[in-house]
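To keep things clear, I will list the structure first and then write my remarks on it.
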Amino acid sequence: MSRVQRAEVSHQAAPAKKRKKKKSSKGLWIIILILAILVGCGGYYTLGLRPVEPGSDEEVVVEIPSGSGASMIVEILDGAGLVRNKFCAKVNSRIGMYHDLQANTYIFNKGMSFPAIMKAINEGDFEYISKESIEVKDGARLEQVAAAMAEQLPFSQEEILAKWSDKAYVKELIDKYWFLTDEVLDKDVKYPLEGYLYADTYYVTTDNSTIEGFTEMCLDRMDAELSTRRDQIESSGFTVHKFLTLTSIVTKESRAEDQAKVAGVFMNRLDQDISLGSDVTVCYIFQEDRVELKQSQLDSDNPYNTRKFKGLPPGPICQVVGDAMDAVLNYEKSDNLFFFADEDGVVHYYKDEASFSKGIEDEGLLKDDESKEESSEETE
């Protein structure tokens with residue numbers, strides 16, 4: 001090969017080395033760019049999971065309902081103001097291995113990071129679970145609810161009942177809640193809020209440790225329960241007040257498994273303009289919870305006495321739950337007009353008064369006339 005040829009070969013090889021150098025340089029920049037993006041995303045993600053207010057000890061009460069998944073919990077926490085970046089929180093909820101999320105009422109603070117909050121919920125950390133509670137029992141009268149509150153809050157039963165009877169305060173609540181109307185202020189209603197404090201266990205925190213705070217917590221729950229049934233209630237022909245009144249009577253008269261059928265009996269009596277004949281409404285007059293009543297009590301002229309007066313009483317007689325509402329809205333249709341519960345709690349139903357009276361006699365539930373007492377949870 002001549003020198004010229006060698007020179008040409010050398011000249012042709014040189015550009016190949018330059019192209020290789022440029023290619024490797026370009027690849028390096030791509031790697032640097034990718035790393036920069038990853039670092040940036042990582043920083044964004046980490047920042048998004050930080051506390052909303054680092055160093056803050058402001059408490060926030062969060063209720064995690066039974067059956068809540070990670071995605072739903074993100075929404076709940078975000079609504080409570082505990083999420084700094086919703087997108088980052090959703091990513092963390094998916095990759096954070098939160099497989100044992102536990103329903104409860106928690107007390108967190110805005111100085112906690114999102115992973116710390118999720119970890120507490122996943123473990124059901126006792127440190128963050130609200131420990132003071134007040135139970136509004138299914139079937140409890142308002143006086144009993146006030147007594148339960150007085151055990152946990154720095155107020156007497158009398159103070160609580162006075163607040164609940166304060167017309168100015170009740171009117172404020174009527175303005176706030178769609179289901180509260182002037183019906184609760186009727187002169188014959190014993191307690192305006194009777195039957196409106198949804199039966200459940202409520203957790204006491206600094207936010208609801210006042211009479212007003214606790215009351216609104218119960219009413220908020222009732223709002224949620226009634227709102228899901230609003231269309232059905234309107235279709236029933238009852239106002240919310242009358243609907244809760246009937247639901248409360250059914251609650252006191254029967255066990256859960258009998259409520260739909262008992263509600264059907266009361267519906268028949270209302271439709272046929274027959275008095276409800278419910279002993280539990282008479283018991284309410286005297287703020288008692290017992291089956292046996294004296295004749296003098298049964299003869300009371302109080303408008304809550306459905307033995308004497310037709311139609312529904314002036315208002316509810318106890319607190320209720322959603323299942324009882326559903327039993328009334330979906331009552332079991334029948335021709336029955338009478339019922340009573342025997343000593344074992346078994347309910348017997350009858351279509352006419354003669355068979356009803358015989359049923360009571362057969363069960364041995366009749367008392368001597370001299371005692372002037374009547375037993376059994378009956379309608380007549």
Side-chain angles (χ1 to χ4, degrees), residues 136-150 157-158 160-167 170 180-197 199 238-255 259 262-263 265-267 269-270 273-320 324 328 338-341 347 360 365 367 369 371-380:
V136 177
K137 292 185 178 180
D138 181 17
R141 291 178 278 104
L142 204 67
E143 288 189 359
Q144 295 170 320
V145 177
M149 283 180 63
Q157 180 186 26
E158 292 71 25
I160 296 169
L161 289 173
K163 187 66 177 179
W164 286 342
S165 299
D166 182 348
K167 287 189 176 181
V170 173
L180 282 173
T181 67
D182 288 341
E183 287 175 282
V184 302
L185 294 174
D186 186 280
K187 63 181 179 61
D188 291 327
V189 172
K190 188 171 182 63
Y191 292 116
L193 297 182
E194 184 77 85
Y196 285 88
L197 304 185
F238 289 117
T239 63
V240 172
H241 186 69
K242 290 182 177 179
F243 167 69
L244 289 177
T245 298
L246 179 56
T247 301
S248 69
I249 296 172
V250 170
T251 295
K252 296 292 281 186
E253 282 281 14
S254 55
R255 298 176 297 190
Q259 288 176 345
V262 167
V265 174
F266 285 132
M267 289 298 296
R269 295 179 75 90
L270 288 172
D273 197 29
I274 303 172
S275 64
L276 296 183
S278 172
D279 282 357
V280 297
T281 63
V282 183
C283 288
Y284 182 75
I285 298 170
F286 304 96
Q287 293 293 288
E288 297 177 348
D289 290 307
R290 66 178 189 179
V291 174
E292 295 183 357
L293 291 167
K294 296 178 180 179
Q295 191 61 47
S296 60
Q297 292 176 312
L298 294 170
D299 291 337
S300 170
D301 287 329
N302 189 292
Y304 279 89
N305 186 356
T306 60
R307 281 292 198 97
K308 179 175 288 189
F309 302 106
K310 296 178 181 179
L312 293 168
I317 61 173
C318 69
Q319 318 320 305
V320 302
V328 173
F338 301 84
F339 73 88
F340 71 85
V347 181
I360 291 179
L365 298 178
K367 296 273 186 176
D369 290 339
S371 68
K372 292 187 177 182
E373 292 182 345
E374 296 190 17
S375 65
S376 81
E377 295 179 1
E378 62 178 277
T379 63
E380 59 175 53

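FYI, side chains are in, hydrogens and waters are out, and symmetry mates aren't considered; it's all heavy atoms of this structure. If you read the sequence from its start, that first residue is 1, and numbering goes on from there. Remember, it's a predicted structure, so these values are computed and weren't measured experimentally.
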>> Please find the pair of heavy atoms, one from Val262 and one from Ser254, that lie closest to each other, and give the distance.
In response: CG2-CB, 3.7 Å
> Should Trp164 and Leu197 be marked as a side chain to side chain contact (heavy atoms under 4.5 Å, CB included) after you check the CA-CA gap, both sets of side-chain angles, and the distance that decides it?
Replying inline: CA-CA 11 Å; Trp164 286 342; Leu197 304 185; 3.7 Å; yes
>> Run the side chain to side chain contact (heavy atoms under 4.5 Å, CB included) test on Thr181 and Val240 for me, step by step, so that the C-alpha distance in whole Å, both residues' side-chain angles and the decisive distance to 0.1 Å come before the verdict.
In response: CA-CA 9 Å; Thr181 67; Val240 172; over 6 Å; no
>> side chain to side chain contact (heavy atoms under 4.5 Å, CB included), that's the test. Do Val184 and Leu193 meet it? Break it down for me.
In response: CA-CA 7 Å; Val184 302; Leu193 297 182; 5.8 Å; no
> Considering residues at least two apart in sequence or located in another chain, which fulfil the side chain to side chain contact (heavy atoms under 4.5 Å, CB included) criterion with Lys242?
Replying inline: Glu183, Phe238, Thr239, Leu312
>> Cation-pi check for Phe338 against Arg269: NZ or CZ below 6.0 Å from the six-membered ring centre and within 45 degrees of the axis, yes or no?
In response: yes
> Who pairs with Lys137 by salt bridge (charged side-chain N to carboxylate O under 4.0 Å, His left out), at least two apart in sequence or on another chain?
Replying inline: none
> Looking only at heavy atoms, what is the nearest atom pair of Thr306 and Pro313, with distance?
Replying inline: CG2-CD, 3.9 Å
> Quick one: CD on Gln157 to CE on Met149, what's the gap to the nearest 0.5 Å?
Replying inline: 10.5 Å
> Just by modelled atom types, is the Leu298 backbone N or O under 3.5 Å from a matching donor or acceptor in the Asn305 side chain?
Replying inline: yes
> Listed by chain and number, what are the side chain to side chain donor-acceptor pair (under 3.5 Å) partners of Thr247, not counting sequence neighbours?
Replying inline: none
>> Can you list everything that forms a side chain to side chain donor-acceptor pair (under 3.5 Å) with Gln144? Sequence neighbours excluded, please.
In response: Asp289
>> Going by side chain to side chain contact (heavy atoms under 4.5 Å, CB included), name the residues that satisfy it together with Asp188, two or more places apart in sequence or in a different chain.
In response: Asp186, Pro303, Pro314
> Quick one: OG on Ser248 to CG on Asp138, what's the gap to the nearest 0.5 Å?
Replying inline: 11.0 Å
> Who are the side chain to side chain contact (heavy atoms under 4.5 Å, CB included) partners of Lys167, not counting sequence neighbours?
Replying inline: Leu185
> From Asp166 CG over to Leu161 CG, what is the distance, rounded to the nearest 0.5 angstrom?
Replying inline: 12.5 Å
> If you take all heavy atoms of Pro316 and His241, which pair is closest and at what distance?
Replying inline: CD-CE1, 3.6 Å
> Glu194: what forms a side chain to side chain donor-acceptor pair (under 3.5 Å) with it, not counting sequence neighbours?
Replying inline: Tyr284, Gln319
> Do NZ/NE/NH1/NH2 and the carboxylate oxygens of Lys308 and Asp299 come within less than 4.0 Å?
Replying inline: no
>> Could you work out, with ring pair (Phe, Tyr, Trp, His ring centres under 6.0 Å) as the rule, every residue matching Phe243, not counting sequence neighbours?
In response: none
> What closest approach, in Å, do Thr251 and Gln259 show between heavy atoms, and which atom pair accounts for it?
Replying inline: CA-NE2, 3.8 Å
> Can Tyr196 and Tyr191 be said to form a ring-ring contact (aromatic ring centres under 6.0 Å, His included), step by step?
Replying inline: CA-CA 10 Å; Tyr196 285 88; Tyr191 292 116; over 10 Å; no
> Can you name the side chain to side chain contact (heavy atoms under 4.5 Å, CB included) partners of Ala148, sequence neighbours left out?
Replying inline: Ile134
> Of all residues at least two apart in sequence or in a different chain, which pass the side chain to side chain donor-acceptor pair (under 3.5 Å) check with Tyr304?
Replying inline: none
> Could you state the interatomic distance from CG (Asn302) to OG1 (Thr281), rounded to the nearest 0.5 Å?
Replying inline: 9.0 Å
>> I need the minimum non-hydrogen distance between Ser165 and Pro192, along with the two atoms involved.
In response: CA-CD, 4.3 Å
> Measuring from Leu246:CG to Glu253:CD, what's the distance to the nearest 0.5 Å?
Replying inline: 10.5 Å
> Of all heavy-atom pairs between Ser278 and Ile249, which one has the smallest distance, and what is that distance?
Replying inline: OG-CG2, 3.7 Å
>> Distance check, rounded to the nearest 0.5 Å: Arg141 atom CZ versus Cys318 atom SG?
In response: 9.5 Å
